[in-house]
Amino acid sequence: MPEGEIERLTEDIIAALKTVFDPEIPVDIYELGLIYRVDISDDREIEIDMTLTAPGCPVAGEMPGWVEGAVSSIYGVQGVKVNMVFDPPWDQSRMSDEARVALDMW
């Protein structure tokens, strides 16, 4: 896959991830630091490792589907696999500065 295409897909994947929100927190999952890994294969299959702010999150069963749907809608993506992982456990240090400002957590 050409380098420019990898960059475009990466930017589009990040934009798609930023459309998915934890319903209890007014910040997208990307800025919250819930995305641990995004792998783009040569055949445009996307594999994502993500976590939750807490294992008992009420939308734990739904959020991977939201992520899969958002990323699947990107032009050129052939398939998406979302893995829910809890190691390492999520903590507030994974949040971006943008998330900290939105949540007033300085």
Assess whether side-chain contact (heavy atoms from CB on, under 4.5 Å) is satisfied between V20 and Y30, documenting all intermediate values. CA-CA 8 Å; V20 180; Y30 186 82; over 6 Å; no
With sequence neighbours left out, the residues meeting side-chain contact (heavy atoms from CB on, under 4.5 Å) with T19 are A70
Applying side-chain contact (heavy atoms from CB on, under 4.5 Å), run through Q78 and D43 and close with a yes or a no. CA-CA 7 Å; Q78 297 302 308; D43 58 357; 5.8 Å; no
Any E31 side-chain heavy atom under 4.5 Å of M95 side chain: no
R100 and Q92 have their tightest heavy-atom pair at NH2-O, 2.9 Å
I'd like to know if E45 and K81 make a salt bridge, using a cut-off of under 4.0 Å between side-chain N and carboxylate O. no
What pair of heavy atoms forms the shortest contact from P64 to M84, and how long is it? CG-CE, 3.2 Å
What are the two closest non-hydrogen atoms of M63 and F21, and how far apart are they? CE-O, 4.4 Å
Return the minimal non-hydrogen interatomic distance between V27 and L103, and the atom names on each side. CG2-CG, 3.6 Å
How far apart are the C-alpha atoms of I46 and D39, what are their side-chain angles, what is the distance that settles it, and do they pass the side-chain contact (heavy atoms from CB on, under 4.5 Å) test? CA-CA 6 Å; I46 313 301; D39 183 56; over 6 Å; no
Atom CG in D97, atom CE in M105: separation rounded to 0.5 Å? 13.0 Å
Between the side chain of W90 and the main-chain N/O of L32, is any donor-acceptor distance below 3.5 Å? yes
Check D28, I48, D49, T51 against I35 for a side chain to side chain contact (heavy atoms under 4.5 Å, CB included) and give me the one that passes. I48
Main-chain N/O of D87 paired to Y36 side chain as donor or acceptor, under 3.5 Å: no
Return yes when atom OH of Y75 has more than 12 non-hydrogen atoms of other residues, nucleotides or ligands closer than 6.0 Å, and no otherwise. no
Presence of salt bridge, E5 and R8, under 4.0 angstrom: yes
SG on C57 to CG on L34, rounded to 0.5 Å: 8.5 Å
Is there a donor-acceptor contact under 3.5 Å linking the side chains of N83 and E47? yes
So which heavy atom on V77 is nearest to which on V71, and how close? CG2-O, 3.8 Å
Kindly indicate whether the side chain of I13, heavy atoms from C-beta on, has any atom under 4.5 Å from the side chain of I40. yes
